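Lettering of chains follows the sequences in order, A, B, ..., and the numbering in each one begins at 1. The shown structure was predicted, so the numbers you read here are calculated from the model rather than taken from an experiment.
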Amino acid sequence: MQAEKKPFQVAVAQSELDDLKSRLARVRWPNEPSDNEAWDWGTNLSYMQRLISYWRDEFDWRKAEMELNLFPQFTIDLPTIDETHTIHFIHENGSGRAPLPLILTHGWPSTYREFLDVVEPLAHPERFGGNAEDGMDIIVPSLIGYGFSSKPKSPVGPAKIAELWHRLMHDGLGYKRYAAQAGDWGSFVTSRLALQHPESVVAIHLTMLPLRPNLKHESQPPVTAEEADWIPKMKAWWAQEEGYRSIQSTKPMALAFGLMDSPVGLAGWLADKYWRLGDTRKDHPYTGMEQRFPMHTMCTQLSLYWFSGTINSANMLYKAGPAERSALLKPGERVTVPTAYSDYPLDVLPPTPESWGRRSYNIVRWREMKAGGHFAAMEEPKAFTDDVRDFFREIKC
Amino acid sequence: MAPEAFKIEISQSTISKIMERVRAFEWPDAPEGGGWAYGTELSTMKELVEYWLHSYDWYREQEAMNRLPHFKARVRDLDIHFIHLRSNAPKRRPLIITHGWPGSFVEFMNVMEPLAYPEKHAGSAKDAFDVIIPSLPGYGFSGKPDKPISPRTVAGYFDELMTKNLGYSNYIAQGGDWGSVVSGWLAYEGKGCRAAHLNMFGWRSPGVTAESAEEKQAEKHAEMLFNLEGAYFRQQSTKPLTLSYALMDSPVGTAAWIIEKFKGWSDLDNGKLESIYTKDQLLTNVMIYLVTRTFGTSTWLYRGLFEDTRGAPVPPKSRIEKPVGIARFPTDLIPFPPRTLVERHMNVSRWTEFKRGGHFAAMERPQDFIEDVRAFGSDLDAS
């Protein structure tokens with residue numbers, strides 16, 4: 001049976017908006033340690049108070065809804081042996097004679113909103129001073145358990161999501177050959193997609209390189225000096241930052257009750273990551289943060305999690321991912337599909353050595369970006385668009 | 001300054017606001033058939049919340065707590081709350097019992113009177129202790145520090161409470177969880193402390209390493225347990241505030257976060273919480289965090305831990321030389337390794353291994369706990 005896409009519009013009931021407001025109004029704030037200007041102890045209280053008051057009193061969800069609904073959205077039902085997943089996605093047909101289909105996948109703690117500012121420029125370059133022939137068909141799905149995609153009965157990992165993405169692109173939308181772009185969890189899914197379907201995936205563009213080689217295997221060249229320097233840096237970074245990952249990968253349900261009950265709690269949990277991983281300057285508790293992630297954008301992201309009730313199912317990806325063991329390559333396994341990597345300088349993870357990337361990927365282009373952090377398409381939409389468009393133009397030629 | 005008598009008096013509006021939120025709670029999805037494998041079990045929480053809404057009575061619990069003599073004393077810059085039971089014996093034998101996270105003085109409700117008044121509880125009058133049960137700074141009815149402080153600093157407050165405010169010069173420090181670290185510090189450098197009785201392996205000095213195969217095996221086991229159970233610690237010791245927004249705002253969220261620890265760290269029959277705990281016990285312990293709004297500050301100790309000694313709870317190669325009694329309960333989060341290894345960390349003068357029991361020993365095995373503390377007191381008197 002051929003799966004068919006059904007049109008979808010974001011429409012949140014007024015009662016949901018009212019309920020959110022009343023929850024935001026009755027917040028109980030925590031005490032903050034006296035020296036938390038740099039968010040050293042966790043999400044800064046003065047930022048949180050500004051954010052929550054904006055979310056409660058100024059944020060216009062109907063405007064956000066309209067912005068989301070400017071793009072054609074759909075759902076598609078994909079049955080598997082375990083259950084039927086419903087995938088939500090934007091599908092914007094590109095300009096030009098032969099637009100290359102491109103699927104962009106977000107990560108955690110993000111949503112499909114991450115790519116909203118780049119959909120039109122990538123689909124219709126001519127509207128932004130570019131060439132219509134560079135237009136691409138843009139597909140932006142919500143990960144399983146995120147936003148308006150369905151919540152799985154039990155957690156689903158990146159390799160399984162990659163299969164669903166292939167079915168969406170190949171069977172659902174009829175694309176025999178397509179490209180993919182992602183960072184964060186999206187990069188796990190996209191890497192798996194390239195590994196599992198090299199016959200269909202033309203090329204991939206990543207802002208994170210999640211696949212790991214099995215260093216013990218004889219096919220692996222010895223660890224370089226740069227890599228030897230980088231590996232402990234990554235470990236040290238994670239030791240400071242792994243709290244959220246550790247909880248979400250071991251006991252997500254211990255956290256779920258609080259995050260599902262408290263929009264303020266949800267905001268505190270997520271805002272911390274935007275601060276740390278984005279180019280937020282970090283010299284003031286909120287100025288750089290609000291410049292980088294305007295209140296309206298932040299509240300749209302938070303509202304998408306809140307209204308869809310998906311923070312728990314989203315966190316579960318940290319349980320499913322490691323359980324699937326799909327990031328560690330088997331001996332001899334490698335992504336053969338042409339891969340571009342773009343390193344955004346202010347993504348705070350220590351920068352990946354190129355040699356490390358080459359162990360697991362067929363890297364055909366390695367680029368250092370000038371500005372931006374972990375949420376590249378939100379932070380630097382123009383640079384992101386140009387970079388992605390350039391790469392896929394080269395591939396098409 | 002002299003301590004002042006204190007009563008727990010929580011306003012009806014505070015309780016109503018908490019209960020309104022409990023009532024309005026909407027259940028999250030849980031993976032099908034997940035049980036406790038993903039964290040707090042949905043059905044357990046549903047049952048607990050049902051009881052919380054329809055059968056639990058804060059004021060009944062408050063009255064029971066207020067039958068005990070509570071005090072507050074100014075120590076340095078903070079008010080320290082404590083229960084103080086003076087024995088009927090002519091000889092003063094002070095015992096300070098320190099709770100941990102996510103516990104409170106509620107853990108000791110069933111052991112404090114038998115320890116202070118053994119003559120009324122199937123014991124002998126000579127075993128009587130003056131029992132002092134403080135709330136840690138940032139917990140329960142004690143004051144909240146401005147920023148995270150370390151267990152060593154907490155021990156400083158408690159030593160001052162005992163020696164200056166209460167005038168005890170020769171006390172025994174008892175504790176599990178954070179209480180075991182604080183009590184270790186009291187025994188290590190507290191001016192008035194004569195000995196410690198510990199039911200968790202909290203005092204672990206870096207540089208003292210496992211040697212025998214048995215010791216190494218125990219260390220490996222502890223590491224494995226910590227990998228399974230340690231996520232709360234990783235969060236609370238790095239970004240405590242990031243977690244606090246949710247848990248300060250959501251009573252059911254706080255309950256779920258705390259109850260999961262009682263499930264994970266206790267020795268239960270068939271994994272059933274009610275085989276050991278009543279719902280009243282579990283909820284009153286949670287309510288202490290809620291009515292005092294201390295969930296956030298309670299997690300600060302995990303960061304405070306790293307403030308003094310740079311990443312280690314205790315200084316390198318430092319041994320407690322005062323006598324230490326060890327009560328080893330098998331199902332603890334951080335069970336004691338073989339005695340040989342513990343002895344390199346502290347001067348073990350008594351070692352008791354129990355067949356059952358876990359992290360919350362005074363709640364789980366009150367009689368074993370009482371008898372072991374009494375026996376340790378007698379040992380000390382005889383020496």
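- To the nearest 0.5 Å, the span separating CZ on B:F25 from OG on A:S262 amounts to 10.5 Å.
- No part of B:Q236 comes within reach of chain A, as not one of its non-hydrogen atoms sits under 4.5 angstrom from that chain.
- With a 4.5 angstrom heavy-atom cutoff, B:W300 touches chain A only via side-chain atoms.
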Full working for side-chain contact (heavy atoms from CB on, under 4.5 Å) between A:E241 and B:K239: CA-CA 8 Å; A:E241 301 300 328; B:K239 314 276 187 295; 3.4 Å; yes
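- Residues A:W108 and A:Q248 meet the side-chain proximity criterion, which asks for heavy atoms closer than 4.5 Å.
- Contact count versus chain A (heavy atoms, under 4.5 Å) is highest, among B:K144, B:R234, B:E260, B:E26, for B:R234.
- When all heavy atoms of A:T43 and A:G268 are compared, the pair lying nearest together is OG1-O, 2.7 Å.
- Cation-pi contact between B:R76 and B:Y157: present, with separation from the ring centre below 6.0 Å and deviation from the ring axis of at most 45°.
- If you measure heavy-atom distances from B:L247 to chain A, the contacts under 4.5 Å come from the side chain alone.
- Using a 4.5 Å cut-off between heavy atoms, A:L45 touches chain B through backbone and side chain atoms alike.
- For chain B, the nearby part of A:K319 is the side chain; its heavy atoms alone come within less than 4.5 Å.
- In terms of non-hydrogen atom pairs under 4.5 Å with chain B, the most contact-rich of A:R23, A:R245, A:M260, A:E32 is A:E32.
- The main-chain N or O of A:G265 is never found under 3.5 Å from a side-chain atom of B:D249 such that the two would form a donor-acceptor pair.
- For B:K17, no part lies near chain A; criterion is any non-hydrogen pair under 4.5 Å.
- Between chain A and the options B:E229, B:E41, B:R21, B:K261, heavy-atom pairs under 4.5 Å are most frequent for B:R21.
- Contacts between B:E32 and chain A at a heavy-atom distance below 4.5 Å involve backbone atoms as well as side-chain atoms.
- Remark: side-chain polar atoms of B:S266 are not paired, donor with acceptor, to backbone N or O of B:L268 under 3.5 angstrom.
- Between the side chains of A:Y146 and A:S308, no donor N or O sits under 3.5 Å from an acceptor N or O.
- Heavy-atom distances place the backbone of B:A37, and not its side chain, under 4.5 Å from chain A.
- More than 12 heavy atoms of other shown residues, nucleotides or ligands fall within 6.0 angstrom of atom CD in A:E83.
- Under the 3.5 Å distance criterion, the side-chain polar atoms of A:S149 are matched with a main-chain donor or acceptor of A:H88.
- Contact between B:G103 and B:E107 at its shortest, heavy atoms only, is CA-OE2, 3.1 Å.
- The part of B:I18 that comes within reach of chain A is its side chain, from C-beta onward, which places non-hydrogen atoms under 4.5 angstrom from that chain.
- B:I258 does not touch chain A: none of its heavy atoms, backbone or side chain, sits under 4.5 Å away.
- Counting heavy-atom pairs under 4.5 Å between each of B:A256, B:G296, B:G33, B:P145 and chain A puts B:A256 at the top.
- For the set A:I311, A:T310, A:D40, A:N44, the count of heavy-atom pairs under 4.5 angstrom toward chain B peaks at A:D40.
- Contact of A:N31 with chain B is made through backbone and side chain together, with heavy-atom distances under 4.5 Å.
- The most heavy-atom pairs under 4.5 Å with chain B, out of A:A271, A:P263, A:S154, A:G258, come from A:G258.
- Proximity to chain B (any heavy atom under 4.5 Å) is shown, for A:S313, by neither the backbone nor the side chain.
- Listed for the B:S237 side chain is no donor-acceptor partner under 3.5 Å among the backbone atoms of B:Y302.
- Taking chain B as the reference chain and counting heavy-atom pairs below 4.5 Å, the highest number among A:L259, A:L255, A:L266 is found for A:L255.
- Of the listed residues (A:A239, A:P155, A:G309, A:A256), the greatest number of heavy-atom pairs within a distance under 4.5 Å of chain B belongs to A:P155.
- Residue A:K160 qualifies as open at atom NZ: its count of foreign heavy atoms under 6.0 Å is 12 or below.
- For chain A, the nearby parts of B:S244 are the backbone and the side chain; heavy atoms of each come within less than 4.5 Å.
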